Amino acid sequence: MADRYLTFAGTAPGRFLTRRLGLPQPAALKRWSPERPALEGDRLLRTAGKSDLELTDVAPALTTSSERPVAVLLDATGVRDVETLAEAHTALHPVVRSVAASGRIVVLGAPLDPADHHQAAVQQALEGFTRSLGKEIGRGRTVNLVRLTDARAAGSTLRFLLSPRSAYVSGQVIEVGAHGEYDDPGADPDRPLAGRTALVTGAARGIGEAVAETLARDGARVVVLDVPQAEQDARRVADRLGGTALALDITAPDAGGRIVAALPDGLDVLVHNAGITRDRRLVNMPAERWSSVLDVNLTSVLRTTDALLESGTLRRGGRIVATASIAGLAGNAGQTNYGASKAGVVGLVRGLAPRALAEHGVTVNAVAPGFIETKMTAAVPLFIREAGRRMNSLAQGGLPVDVAETTAWLAEPGSGAVNGQVVRVCGQSLLGA
Ligand code: NAI
């Protein structure tokens, strides 16, 4: 079901009325398209505190003055005390109004220093600053914080956040490690996954289909996995993308072995997207509703991850991206089973990430979608759907492609220093914020 309110709010009478009545004012977001692959306009660099960061290689064409920037990068890595924190205010206060619609503000912070509680206090302060600015800035503009020590390791992350591909990602704090693979200067920046194989579970429709499409756009050869009942749809998706279909129920006890057997040449990107809901309040929930959701959303994710890592099918340099949900972070009435399964996915990511990188050279991250416009959310009763759509800083639902773009960034070879992160794709939802 199309978001008619969003369309109406974009017309002149709609703008007038929504403003007069104090209603939400969603702006049509600028997303990636082949014609407009980048946000066009100046990228302004501002600094707070004294910084040693070398940004020129990873965020090219930064300028120090602009009338109407499309992006502002605030380098606050050198903020160590309350006095230098004030420079974040001084740096952004004069320019924030002029940032273009659907523009970006990216704050760069440093990891919290365990030996210096003043530094830790003000670096943590940047998180509250970022999240608050995200809630007030409006006009489809996003604000995110990246904690980093080495700018080169954060190249893929900055490219993503400064592009139209991150349209529905706001209010996030992303930590980028100091180590990991950096960008290969010989690689094609438009097809970072060229020569790589990606498997997406539950890819016959919905978000999974969009993920398969986006990974294929980025050059990957995709394997479209879905249940045997959805085989026709899976084939249709695979044929369109020049990939292959794999009809398989991931809860089958031998699913891991069958995936390994289907990938004799190995795998580079594993996307755990398949998921189901069986909502009921706990008082009314039969054991079967509990176990079916846990089986698909968590047990099978654990089992296939183990099978693909232990067999070596997932190669060094590999990427695992699992799909959590804001219901797993904030909780949701009627979803004790689903909330448990998705929180389990977050635990899996945090628990496995350091070891998977050390032992297998593989990163493990999660995307946590908020309200995404799919068949599932179209079936939600009108008023609950409207609340879901509007209760976020961008005052609209996301699209499957927003989750797909975030997954594609985490899957990039250049994202090797992004590990153990849970990135919400929720327009800065008020739920669990
Ligand atoms: P969907 O129901 O449209 O698609 C899920 C796909 O997974 C289907 O093609 C289904 O056949 C497949 N699948 C289900 N069980 C399977 C199994 N045992 N083996 C293999 N494939 C199986 O769902 P949607 O909306 O595209 O969601 C995708 C993921 O995103 C899920 O993990 C969901 O929990 C998560 N998510 C979705 C949100 C939304 O707003 N739509 C919000 C938060 C998370």
Side-chain angles (χ1 to χ4, degrees), residues 1 3 168 199-214 223-238 245-256 258-259 262 270-279 291-301 303-304 321-332 335 337-346 348-349 366-380 384-385 387-389 391-392 396-404 406-407 422-427 429 431-432:
M1 169 109 23
D3 185 346
Y168 201 60
L199 173 89
V200 185
T201 69
R205 67 174 200 202
I207 295 173
E209 179 178 2
V211 171
E213 252 167 38
T214 304
V223 181
V224 176
L225 183 152
D226 214 298
V227 288
Q229 302 89 295
E231 188 173 0
Q232 241 183 342
D233 285 337
R235 278 197 193 290
R236 183 182 45 80
V237 174
L246 181 56
L248 179 67
D249 183 333
I250 43 161
T251 63
D254 62 345
R258 287 178 56 195
I259 296 174
L270 168 62
V271 182
H272 293 294
N273 162 81
I276 61 167
T277 51
R278 296 285 182 272
D279 297 358
S291 59
S292 56
V293 168
L294 268 291
D295 278 356
V296 178
N297 297 4
L298 185 58
T299 314
S300 71
V301 175
R303 276 212 306 243
T304 46
V321 184
T323 310
S325 162
I326 54 168
L329 305 172
N332 200 15
Q335 294 198 316
N337 52 357
Y338 185 77
S341 71
K342 294 299 191 181
V345 166
V346 171
L348 153 69
V349 164
V367 289
F371 184 99
I372 305 296
E373 304 279 358
T374 58
K375 280 193 186 134
M376 182 177 100
T377 47
V380 171
I384 302 177
R385 186 169 69 231
R389 273 177 175 155
M391 279 169 57
N392 59 72
Q396 60 195 287
L399 300 181
V401 71
D402 297 321
V403 183
T406 308
T407 304
V422 178
V423 182
R424 296 165 50 137
V425 187
C426 66
S429 169
L431 295 179

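Order of appearance sets the numbers: ligands from 1, and atoms from 1 within every ligand. For clarity, every value in this text was computed on a predicted model and none was experimentally measured.
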Between A368 and L329, the two heavy atoms sitting closest are CB-CD1, 4.1 Å
Chi angles and distances behind the side-chain contact (heavy atoms from CB on, under 4.5 Å) call for K342, V346
CA-CA 7 Å; K342 294 299 191 181; V346 171; over 6 Å; no
Any luck finding a side-chain donor-acceptor pair between S341 and N297 under 3.5 Å?
yes
Which residues satisfy the side chain to side chain contact (heavy atoms under 4.5 Å, CB included) test with R278, sequence neighbours excluded?
I276, R289, S292, V293, N337
Exam field: side chain R385 to backbone V380, donor-acceptor pair closer than 3.5 Å:
yes
Rounded distance [0.5 Å steps], CZ in R424 versus OH in Y168
10.5 Å
Within the protein, residues bringing a heavy atom under 4.0 Å of ligand 1, chain by chain:
G202, R205, G206, I207, L225, D226, V227, L248, D249, I250, T251, N273, A274, G275, I276, V296, T323, A324, S325, Y338, K342, P369, G370, I372, T374, M376, T377
